[in-house]
Amino acid sequence: MKTLKLTLLLSLVSFLAFGQGMKSIRDFGVLPTNTPQENKENLQKAIDWATESGSALFVEPTDEPYQVATGIQLKKNVSLIGVHGPLGRGTKHPTKMQPVGSVFSIVDDKEPFLTVQSGTTIRGIQFWYPNQTWNDPSKIIKYKPTIAMSQVETVQGVTMSCLTFYGEYIAMDFNAKAPHFSELTLFEHCYGYPLSGQFIRIDRSYDVPRILHCHVNPSNMREFGRGFNKAVIDAVMHNPTFAYSIQNTDNAQMMDIFTFATYGGIFLGDQTYGQLTNFNLDCVEIGILKQGAQTKNRNWQIAQGSIIANASRNNNVKDIHPIIIEGQGHTAITNVECFSGGNGALTNLERSWDYMLVRGDKKLTVTNFGSRMRNYESDSPITVENPNAIIQFVGCIDKDENLYNKTIAPEN
């Protein structure tokens, strides 16, 4: 019901904006009947027109997707607006196994599909890769990222909202190259299942990037009959990647984050700090990997989540850890439940080795309050491989449903 209301609201906003000056991409000759190259050239002309005035381009819904070649440059100030809210299972043509609406069909792997500059918005659009396999892992096409930031300038103030990806390899790539960086990027209500295992990756972002209400799931094409099979999902799991990767980033904000059947859930690199709350990381080998390069502000506050770590690339339960902490800094954890079990969608061992692995040789600190821990094989929920770590668990519950209060500190 909430998604339906959001879709209707976005449709109304798009309609009102269209009536107040938004121009349809069809006005520039972007048509479902064109070749991908023709649509690329015409869409680029529309963007070139819109950049001077900061105009929005309406991706008019259609029963046949717009085939567009890769390499589009979304120049400064331009918005691409479609009619959709997030589509967890996709849309469906009345007679064909394909999506309908504001849909771009991507058929080549030469370049990122859209490269964004500052002050841009992409909202309410579906991105479809019709040639991507959904049932044969040997035929996975390693497409370039669907959306990438410019690599020749700093990118600031970009919004990606209500986007759905079907068959992508990497959804959104905001890894900047020095000396450039990004600031104030917003990812919200975005759905997909990247076959590299990488949905959003950020590197060199220096002012509060936000990842909100995002959902990674291999069933996102179920509505039109292309749900990924077990063999493809297992192949995705074998990529040692994380669905969400944050590196060299100041004060990242992550809220309502979901992933299913990727090797890693969330990577928090050694030059990051921020807050993570309200999350579910399901059928992973590593739920959260938190690092830290120093003690001043390489700290994360993590709360209100669940992690189901049950899969191993090497079929070894000792590789499965809901949480890994290493490096330096502090990690504060509150009400993060971990449990395991079987799931027929992928190959798994139905359990984890522990609740948390703490490793390294530098002083780091961890506190954990009110967390429930179960379905781990080790005798202890905490595996400590760092002799200088200071760890305190208070009011937690272990796999035997006993109260778990524990303090671990170096010997004086």
Side-chain angles (χ1 to χ4, degrees), residues 3 86-92 97 99 128-129 132-141 164-169 171 190-199 214-244 256-266 278-289 305-323 336-355 372-378 399:
T3 299
L87 300 167
R89 296 294 182 260
T91 57
K92 185 185 181 301
M97 305 303 279
W128 184 40
Y129 292 84
Q132 183 64 277
T133 186
W134 69 97
N135 57 10
D136 186 346
S138 70
K139 296 181 179 179
I140 291 175
I141 301 172
T164 307
F165 303 80
Y166 308 121
E168 78 281 10
Y169 194 72
C190 294
Y191 286 39
Y193 186 67
L195 298 192
S196 70
Q198 301 172 85
F199 191 60
C214 289
H215 189 98
V216 172
N217 194 300
S219 297
N220 72 318
M221 294 190 288
R222 182 182 292 169
E223 184 69 13
F224 57 94
R226 285 201 177 190
F228 294 105
N229 71 7
K230 185 174 182 178
V232 171
I233 294 171
D234 282 348
V236 174
M237 278 289 310
H238 276 74
N239 294 317
T241 56
F242 286 76
Y244 307 91
D256 183 20
I257 306 299
F258 181 88
T259 190
F260 180 93
T262 56
Y263 161 82
I266 300 171
N278 294 81
F279 58 90
N280 185 292
L281 313 175
D282 195 355
C283 290
V284 295
E285 181 171 315
I286 307 299
I288 298 169
L289 171 55
S306 64
I307 304 173
I308 300 91
N310 60 3
S312 168
R313 295 182 302 140
N314 299 314
N315 201 39
N316 185 350
V317 70
K318 290 187 176 181
D319 293 336
I320 304 174
H321 307 282
I323 301 170
V336 175
E337 174 173 281
C338 294
F339 63 94
S340 294
N343 193 303
L346 74 164
T347 301
N348 65 87
L349 299 180
E350 303 187 13
R351 63 197 187 280
S352 66
W353 176 245
D354 51 21
Y355 174 88
R372 181 174 180 264
M373 311 170 290
R374 60 170 298 161
N375 302 111
Y376 54 88
E377 188 168 302
S378 175
K399 66 179 180 180

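The structure displayed is predicted, hence computed values, not measured ones.
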So which heavy atom on [X] is nearest to which on [Y], and how close?
X: Ala261; Y: Ile233; result: CB-CG2, 3.5 Å
X: Ile140; Y: Ala235; result: CD1-CB, 4.2 Å
X: Tyr355; Y: Met373; result: CD1-CG, 3.1 Å
X: Asn220; Y: Tyr166; result: O-CE2, 3.5 Å

Do any pairs count as a salt bridge (Lys or Arg N to Asp or Glu O under 4.0 Å) and have a residue in residues 337-355, sequence neighbours left out, and if so which ones?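 Listed by first then second residue: Glu337-Arg372, Arg351-Glu377.
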Set of residues satisfying side-chain contact (heavy atoms from CB on, under 4.5 Å) with respect to Asn314, sequence neighbours excluded: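 Residues passing side-chain contact (heavy atoms from CB on, under 4.5 Å) with Asn314: Ser312, Asp319.
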Which residues pass the side-chain contact (heavy atoms from CB on, under 4.5 Å) test with Arg313, sequence neighbours left out?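 Arg313: side-chain contact (heavy atoms from CB on, under 4.5 Å) contacts with His238, Pro240, Tyr263, Glu285.
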If you apply the rule side chain to side chain contact (heavy atoms under 4.5 Å, CB included), what do you find for Phe228 with Val236, and how did you get there? CA-CA 10 Å; Phe228 294 105; Val236 174; over 6 Å; no
Compute the ring centroids of Phe165 and Phe199, then answer whether they are less than 6.0 Å apart. yes
Is there side-chain contact between Trp353 and Asn316, with heavy atoms separated by less than 4.5 Å? no
Residue pair Phe224 / Pro99, side-chain heavy-atom distance below 4.5 Å: yes
Test side chain to side chain contact (heavy atoms under 4.5 Å, CB included) applied to Phe242 and Thr262, step by step: CA-CA 7 Å; Phe242 286 76; Thr262 56; over 6 Å; no
Approximate separation, where rounding is to 0.5 Å, of Ile307 CD1 and Ile323 CD1: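 Going from CD1 on Ile307 over to CD1 on Ile323, the span is 4.5 Å.
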